[in-house]
Novice: 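First the structure, then my questions, so here it is.
In what follows, every heavy atom counts, from backbone to side chain, and hydrogens, waters and symmetry copies are set aside. These numbers come from a predicted model, not from an experiment.
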Amino acid sequence: MRRSSRIVRVGYGRSRGVSVNVNRFCYGYSTESKGLEDVQKKKDLPKSNQLPSMNTEEMDSYRKMLYYRSKERGMLEADLLLGTFALRYLPTMNQTQLQEFEKLLEQYDADVIPWIMNKAEVPEELNNETMALLKEHVQSKPMTYKRPTLFPQ
């Protein structure tokens with residue numbers, strides 16, 4: 001068997017530094033190359049856009065994962081808009097809508113914000129029912145503050 005590994009120099013300057021086998025020590029990968037059988041097995045796996053049918057418990061955990069990913073994005077604007085959308089619509093979404101929303105969450109925030117604010121054209125593969133629902137949610141101004149009436153008249 002042929003051994004392959006990725007060696008990286010760590011440190012500063014030309015003479016300083018240590019060579020580290022990144023595959024073995026950092027990621028826990030085997031340094032042995034994979035055979036042809038392993039590569040062929042990967043081809044038989046279902047595509048990522050074909051989710052198997054889920055039971056109720058799996059759907060709930062899938063929704064929780066999507067909710068967390070939508071409210072912990074990185075940009076505050078995306079966190080607020082996608083997080084409020086997820087809080088409002090995720091409980092009622094079916095499996096295909098959840099899958100469409102996950103594809104949207106895989107995109108960069110800098111790309112998503114102009115799409116949902118109608119400032120840029122949405123790519124063909126993301127222009128679907130969930131994107132239309134998200135745009136409608138953003139147009140309804142979900143972050144407006146409504147002052148509570150303390151003394152109704």
Novice: Is any side-chain heavy atom of Leu134 less than 4.5 Å from a side-chain heavy atom of Leu82?
Specialist: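 Of all side-chain heavy-atom pairs linking Leu82 with Leu134, at least one is under 4.5 Å.
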
Novice: Do Met93 and Leu66 make a side-chain contact, defined as non-hydrogen atoms from C-beta onward lying under 4.5 Å apart?
Specialist: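 Heavy-atom side-chain distance check fails, nothing below 4.5 Å.
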
Novice: Quick one: side chain to side chain contact (heavy atoms under 4.5 Å, CB included) partners of Ala132, sequence neighbours excluded?
Specialist: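 Ala132 satisfies side chain to side chain contact (heavy atoms under 4.5 Å, CB included) with no other residue.
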
Novice: Does any pair with a residue in residues 99-119 pass ring-ring contact (aromatic ring centres under 6.0 Å, His included), and if so which ones, sequence neighbours excluded?
Specialist: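 For residues 99-119, and leaving out neighbouring residues, the ring-ring contact (aromatic ring centres under 6.0 Å, His included) pairs sorted by first residue read Phe85-Phe101.
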
Novice: Looking only at heavy atoms, which two atoms of Ser70 and Ala86 are closest? And how far apart?
Specialist: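 Nearest heavy atoms, Ser70 then Ala86: OG-CB, 3.1 Å.
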
Novice: For the CD1 atom of Ile116 and the CG atom of Leu126, what is their distance to the nearest 0.5 Å?
Specialist: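 Nearest 0.5 Å value for the CD1-CG distance: 12.0 Å.
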
Novice: Grouping I, L, V, M, F, W and Y whenever their side-chain heavy atoms are under 4.5 Å apart, do Tyr68 and Met59 come out in a common cluster?
Specialist: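 No: no chain of side-chain contacts under 4.5 Å links Tyr68 to Met59.
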
Novice: Let me confirm one number: the CG-CG distance from Asn55 to Asp60, rounded to the nearest 0.5 Å.
Specialist: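 One finds 9.0 Å between CG of Asn55 and CG of Asp60.
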
Novice: Going by the side-chain hydrogen bond (donor to acceptor under 3.5 Å, both in side chains) test, which pairs reach into residues 119-132, not counting sequence neighbours?
Specialist: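 Residue pairs with at least one partner in residues 119-132: Gln97-Glu129, Glu100-Thr130.
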
Novice: Is it the case that the side chain of Arg73 and the backbone of Leu105 share a donor-acceptor pair, with hydrogens and angles ignored and the cut-off at 3.5 Å?
Specialist: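 Present.
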
Novice: How long is the span from the CG atom in Leu81 to the NZ atom in Lys135, to the nearest 0.5 Å?
Specialist: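 Interatomic distance, Leu81 CG to Lys135 NZ, rounded to 0.5 Å: 13.5 Å.
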
Novice: Between the side chain of Asp109 and the main-chain N/O of Met75, is any donor-acceptor distance below 3.5 Å?
Specialist: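 The answer is yes, because a donor-acceptor pair under 3.5 Å joins these two groups.
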
Novice: State which residues pass salt bridge (charged side-chain N to carboxylate O under 4.0 Å, His left out) with Asp111; sequence neighbours excluded, sorted by chain then number.
Specialist: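 Asp111: no salt bridge (charged side-chain N to carboxylate O under 4.0 Å, His left out) contacts found.
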
Novice: Kindly write out the residues that satisfy side chain to side chain contact (heavy atoms under 4.5 Å, CB included) with Met65, not counting sequence neighbours, or none if the list is empty.
Specialist: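 If we apply the side chain to side chain contact (heavy atoms under 4.5 Å, CB included) test to Met65, skipping adjacent residues, the hits are Tyr62, Arg69, Glu102.
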
Novice: Can you list every pair that meets side-chain hydrogen bond (donor to acceptor under 3.5 Å, both in side chains) and has a residue in residues 74-88, with sequence neighbours left out?
Specialist: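 Every side-chain hydrogen bond (donor to acceptor under 3.5 Å, both in side chains) pair that includes a residue of residues 74-88, provided the two are not neighbours, is Thr84-His137.
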
